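Quick caveat: nothing in here was measured; it's all calculated off a predicted structure.
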Amino acid sequence: MENFVLQIVDKEPFIENPSIKVKMYNKKVRIKIAGYMRKAPAILEKQNELVEEIQSQVASLLGTTENIKTDVSLENYRKPEEKNQERVK
């Protein structure tokens with residue numbers, strides 16, 4: 001399931017280095033996507049479209065949309081800044 005969602009997310013240019021975590025419960029699928037969000041125009045609209053696309057693709061993969069709740073969340077993390085410290089003072 002993680003690879004399936006990762007293929008969808010890799011098509012989007014505004015997420016860099018995404019990581020996917022999927023948990024499946026009774027009649028629930030929880031998907032967490034973490035990655036560095038690049039600045040782009042209309043980013044909120046693109047994120048909402050991505051969430052809707054993932055929900056519809058997962059529902060079609062599972063074969064039913066009736067009694068399954070899909071929860072998709074996007075998390076932004078920052079790149080670690082390099083520390084340039086002098087070795088000799």
Side-chain angles (χ1 to χ4, degrees):
M1 182 70 80
E2 285 91 0
N3 287 332
F4 180 75
V5 176
L6 185 61
Q7 289 177 353
I8 297 170
V9 174
D10 277 340
K11 294 177 186 176
E12 297 299 326
F14 65 89
I15 299 178
E16 183 180 323
N17 196 16
S19 66
I20 312 294
K21 292 184 182 180
V22 177
K23 289 187 180 181
M24 298 179 82
Y25 302 99
N26 286 344
K27 300 181 183 180
K28 286 186 185 178
V29 178
R30 183 171 291 159
I31 301 169
K32 288 188 179 182
I33 302 168
Y36 175 70
M37 304 290 179
R38 295 182 181 146
K39 292 183 181 180
I43 191 76
L44 291 176
E45 295 168 2
K46 291 179 182 181
Q47 288 177 351
N48 291 335
E49 289 174 6
L50 177 64
V51 167
E52 290 174 6
E53 180 183 357
I54 291 172
Q55 287 176 340
S56 66
Q57 293 288 334
V58 168
S60 67
L61 176 69
L62 297 176
T64 183
T65 59
E66 290 180 8
N67 295 320
I68 297 175
K69 179 183 175 191
T70 305
D71 180 29
V72 179
S73 62
L74 293 171
E75 297 177 2
N76 187 11
Y77 67 82
R78 297 179 181 229
K79 290 182 182 179
E81 297 179 9
E82 294 181 13
K83 296 180 181 177
N84 292 332
Q85 296 179 352
E86 296 181 15
R87 294 180 70 191
V88 178
K89 292 186 178 183

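- Annotation for Val58 and Phe4: closest pair N-CE2, 4.2 Å, computed over non-hydrogen atoms.
- Rounding to the nearest 0.5 angstrom, the gap separating the CD1 atom in Ile54 from the CG atom in Asp71 is 11.5 Å.
- Applying the side-chain contact (heavy atoms from CB on, under 4.5 Å) criterion to Asn26, with sequence neighbours excluded, gives no partner residue.
- Val22 meets the side-chain contact (heavy atoms from CB on, under 4.5 Å) test with Met1, Glu2, Ile20, Met24, Val29, Ile31; sequence neighbours excluded.
- Between Ile15 and Gly35, the closest heavy-atom pair is CG2-CA, 4.3 Å.
- In this structure, CD in Glu12 is found 6.5 Å from CD in Glu53, a value given to the nearest 0.5 Å.
- The environment of Lys32 atom NZ is sparse: at most 12 non-hydrogen atoms of other residues, nucleotides or ligands sit within 6.0 angstrom.
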- Given side-chain contact (heavy atoms from CB on, under 4.5 Å), test Asn48 with Glu45 step by step and report yes or no. CA-CA 5 Å; Asn48 291 335; Glu45 295 168 2; 5.7 Å; no

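- Here NZ of Lys39 is found 15.5 Å from CZ of Phe14. Values are rounded to the nearest 0.5 Å.
- From Glu52, atom CD reaches atom CD of Glu49 across 7.5 Å, with rounding to the nearest 0.5 Å.
- Atom CZ of Arg30 has 12 or fewer heavy atoms from other residues, nucleotides or ligands within 6.0 Å.
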- Message: Lys27 vs Lys69, test: side-chain contact (heavy atoms from CB on, under 4.5 Å). Steps then yes/no.
- Response: CA-CA 6 Å; Lys27 300 181 183 180; Lys69 179 183 175 191; over 6 Å; no

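- Here Lys21 contributes atom NZ and Ser73 contributes atom OG; the two are 11.0 Å apart, rounded to the nearest 0.5 Å.
- For the atom pair Ile33 CD1 and Leu50 CG, the distance stands at 5.5 Å (nearest 0.5 Å).
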